[in-house]
Amino acid sequence: MRGSCIILIGTMGAGKSSVGWYLARSLGLGFIDLDTNIEQREKKTIAALFEEKGEAHFRALEAAEVVRLKNLRNHVIAVGGGAAVDDANWDILEALGVTVWLNPPANEIARRLLADELELRKRPLLADVLDQRTAPERHKLLTERVTALIGNRLGAYKRARAVISDSFSTPESTARLIRDVLRKDGLLAAEESRKSFDRWQIM
Ligand code: S3P
């Protein structure tokens with residue numbers, strides 16, 4: 001039987017964490033951000049983990065963190081853009097509940113990531129775009145890089161049960177949209193069985 005969680009997947013900058021938080025709040029569910037859990041457990045930022053030990057090491061930590069989610073109920077879970085690509089991770093995530101692919105247009109993702117340089121610096125796979133000198137150059141390159149990334153991961157992302165492709169104005173509005181889509185399609189687990197959580201949780 002499918003679990004009672006909602007799992008948000010999609011590329012970096014798609015809004016999984018901010019949308020997920022609102023979605024959890026509006027449904028009275030707990031919220032987990034997988035990357036935050038990794039950072040708290042390792043006491044290092046994602047950028048530092050990539051820099052010090054490389055991507056393969058990060059992927060191993062990410063997979064171990066996904067395993068820790070097994071048996072979790074009644075949570076919205078935002079996972080890093082690469083987490084759903086691995087088949088073993090996917091099997092666990094899918095068993096946890098309804099998977100939702102947040103897929104705003106690549107140029108919109110680029111715009112949002114460039115609006116906050118700190119946010120972009122947190123993403124080691126994209127941060128080098130800041131080496132470009134002008135804002136239009138950065139936006140163009142970042143849009144290309146995000147498009148390529150989505151293209152490479154399309155097979156994995158397409159496995160999600162629902163896709164939300166709006167170029168959202170606010171995380172609240174996207175959270176509302178997801179809730180409405182899942183309700184309409186009968187994909188929300190019985191809401192009365194849910195407990196309320198009011199803080200992020202590290203397991
Ligand atoms: C990654 C996405 C990041 C983070 C890491 C790698 C990826 O998470 O896990 O930088 O491979 O797409 P967000 O999608 O939350 O930015």
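Note that ligands are numbered from 1 as they come in the structure, with each ligand's atoms numbered from 1 the same way. Note that the coordinates shown come from a computational prediction; the quantities given were computed from them, not determined experimentally.
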Partners passing ring-ring contact (aromatic ring centres under 6.0 Å, His included) against F58 (at least two apart in sequence or in another chain) | F50
Please check whether [X] reaches ligand 1 - meaning an N/O of the residue sits under 3.5 Å from an N/O of the ligand, judged on distance alone.
X: I46; value: no
X: R153; value: yes
X: D35; value: yes
X: K16; value: yes

What part of L125, side chain from CB on, backbone N/CA/C/O, both or neither, has a heavy atom under 4.0 Å from ligand 1?
->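 Near ligand 1, L125 shows its side chain, while the N, CA, C and O stay back.
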Ion pair present between E144 and K140, side-chain N to carboxylate O less than 4.0 angstrom?
->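 Counted as a salt bridge, because a side-chain N and a carboxylate O are separated by less than 4.0 Å.
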Can you figure out which of R123, R59, E39, K122 has its heavy atom closest to atom 6 (C) of ligand 1?
-> R59
Option of least heavy-atom distance to atom 7 (C) of ligand 1 (set: G15, G20, G82) |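 Among G15, G20, G82, the closest heavy atom to atom 7 (C) of ligand 1 comes from G82.
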Donor-acceptor pair between T143 and N107 side chains, under 3.5 angstrom =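 No - no donor-acceptor pair under 3.5 Å links their side chains.
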Is the closest side-chain donor-acceptor distance between T36 and E39 under 3.5 Å?
-> no
Do H139 side-chain atoms and A110 backbone N/O form a donor-acceptor pair below 3.5 Å?
->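 Checked: no pair found.
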Show which atoms of ligand 1 fall inside a sub-4.0 Å distance from at least one heavy-atom site of P124.
-> 10 (O)
Name every donor-acceptor pair, under 3.5 Å, that has one atom in a side chain of residues 77-85 and the other anywhere in the protein, sequence neighbours excluded.
none

